[in-house]
Amino acid sequence: MTKKKSIFAFALAACLAVPAMFMLSACGKHEHSFSSDWSQSETQHWHECTDKKCNEKQDLAEHEFVWEVKTPAGVHTDKVETGTCSICQYQKDRTVEGSGANIHSWVWKANDTKHWQETTCEHETPLKQNEQDHTWEYTSEGELTHKRQTNCGAEKHATRIESNIPHRYTDVNDVDCNDCGYVRSLTGKGSFNAIAAKTYNAGAQGVALSDYTVDEKIKDLCEIQYKVKGANDSTYTTTAPTNAGTYEVRIYCKGNATYLKGEVAKTDYVIKQIEVRVGISFIKEKQTTSNNYITLETYEVTNPSLPSNVTLTLRAYGEQYKNQGRYSIAKTNGEFEGLEFDNKNFKPIPNKSTLSISIVVYTNEAPVVTGTNQTESNVNWIGYVTPPYPTITMYQITTGTLRVGDYLICEGVNIPLKVKDIKLNKGSVSGSTSSSCLNIALAGETVDISFETPGFTENDAKTKLLNKTFTKVDYEVLKVQTSLSGKNYTNNSSEKLLNVGECRYLEFTVTIIQSTTFTIYPSDYAGGYAGENAYAVFDKTTGKPIATAGVNTFTLSESGTYTLVLKLTKTAEASASVSSKPISFYVSW
Ligand SMILES: [Zn+2]
Ligand SMILES: [Zn+2]
Ligand SMILES: [Zn+2]
Ligand SMILES: [Zn+2]
Ligand SMILES: [Zn+2]
């Protein structure tokens, strides 16, 4: 017993000594003894009892797989994974279905414009992906072309290089190449030679081919354009200018895909005015006009370069000319400002060298000339010429306009005195500082007057002309006419309207060989009556009256040549209904 007890005790001790887990399952028919090695099936693992006859399984459980890639998915090949049980290290493989279905083998392809990937694996139609335009880098090759090369990446395709590609611009105004940035320009593509000044010739005068050069390559794109210098560029035209002036001319490129649109070269040239010689002084009656100029003179121009004669009117611009006065246009910078023709293709040039142009504007009103406070000092007797004549100084033009050639009469003088010369008096009694007045004196001016004084002596001048008031009279030197209406008429006068009280003087010259009686006939071409007239006849040489025998007759008894002055005064109208008729006169003998 003791022995058994000790075995039991040993067994008990052994039981106590083994781990509790063994003990728990060791409560069958026999004491199981489980292998420490794992037994495995495809799905499970366990510990087997070492007793071959015992089927007891300890720690039976599903594998706890940890999956790792064995072979990754490939082209049309599914991924294979290997699972390892984290408990028992059991391993098995599995395939991830479909994981390789969308994996293809790709190859890069390229054409001129694009690159893309294409499948090389089995497909009825190859698949494409990543199709893109090439990425190009552009580099200018010069004025006309650029080259480009791809920069898509070496993995896609080899670098493609294309040369001699024309630059690309948006339009003719686009300056820089849309691809490479090359800046195009017309600089240096043309130039003008110095263009000689032209002169107006009534025809268009543009530049000649020899006046400019232009790059052959753009020649056909270019045209010559003109505008008035300083005018807006929008006024450029291909029509060459005709009128005198300064013009801007340019070579203009119309532009195309290669060449820029714009100005190639520009210069100026002048079409000069034709110079026309004009007077240096103008005496004009005051003009009633709204124009801002006074009309001075008309010129007929004949010039070999002109197709026909041109009639020009010379003007002086300025509001001042609306008023009576004495004006001067000074030469300033070589020009007489405001002196222009109505046709600007012609330029007035004084016919003498002068520093100023004189313009006198007068009113057409008969002058009244008055002398006051004058003494003999106011008479200069010019006795060394034949016939001698007096100059009387410091007369006032009270009203109207006095001109050389006017005939003046004053109290105590029978025959009107012809004004031989007028000077502007500057305050000198002797007239030594007097200056030219262009043969005309205006109201308000102080003048020295030289008279033709037939029959006068120096003493006559000093007694008859000082401190007098002179008025202008109508005086006509008759022209000889003969054989009018079958009669031996002569000295027909112009018609002249006379009012009652007005007179006119008619000068005529006759030669007689014996005593002759003359008859004065007033004529009346208008069919009415001339009215009544009084006649007086004077010998111009002596200033003395010739006695008249009748109302309209007078007799010269000595043979000789006589210059006579007939004074005719209208005393009455013929009737109330035919007043102020124009009448003419003739004298017969
Ligand atoms: Zn067992
Ligand atoms: Zn396991
Ligand atoms: Zn494929
Ligand atoms: Zn590419
Ligand atoms: Zn370019």
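Whatever order the structure lists them in is the order used to number ligands and atoms, beginning at 1.
Under the 3.5 Å distance criterion, with hydrogens and angles disregarded, no donor-acceptor pair is assigned to the side chains of T401 and N364. Side-chain atoms of T313 and T295 include no donor-acceptor pair closer than 3.5 Å.
Proximity of a side-chain donor or acceptor of K272 to a complementary backbone N or O of K198 within less than 3.5 Å is not detected.
Angle SG(C88) to the Zn ion (ligand 2) to ND1(H45), rounded to 10°: 120°. Rounded to 10 degrees, the ND1-metal-SG angle spanning H63 and C85 at the Zn ion (ligand 2) equals 100°. The SG atom of C54 and the SG atom of C49 meet at the Zn ion (ligand 1) at an angle of about 130°, given to 10°.
Of all N, O or S atoms in H104, the one lying closest to the Zn ion (ligand 3) is ND1. Looking only at N/O/S atoms, H32 comes nearest to the Zn ion (ligand 1) through ND1.
Between H45 and W38, the gap from one ring centroid to the other is short of 6.0 Å.
Between R250 and K227, every side-chain heavy-atom pair lies at or beyond the 4.5 Å cut-off.
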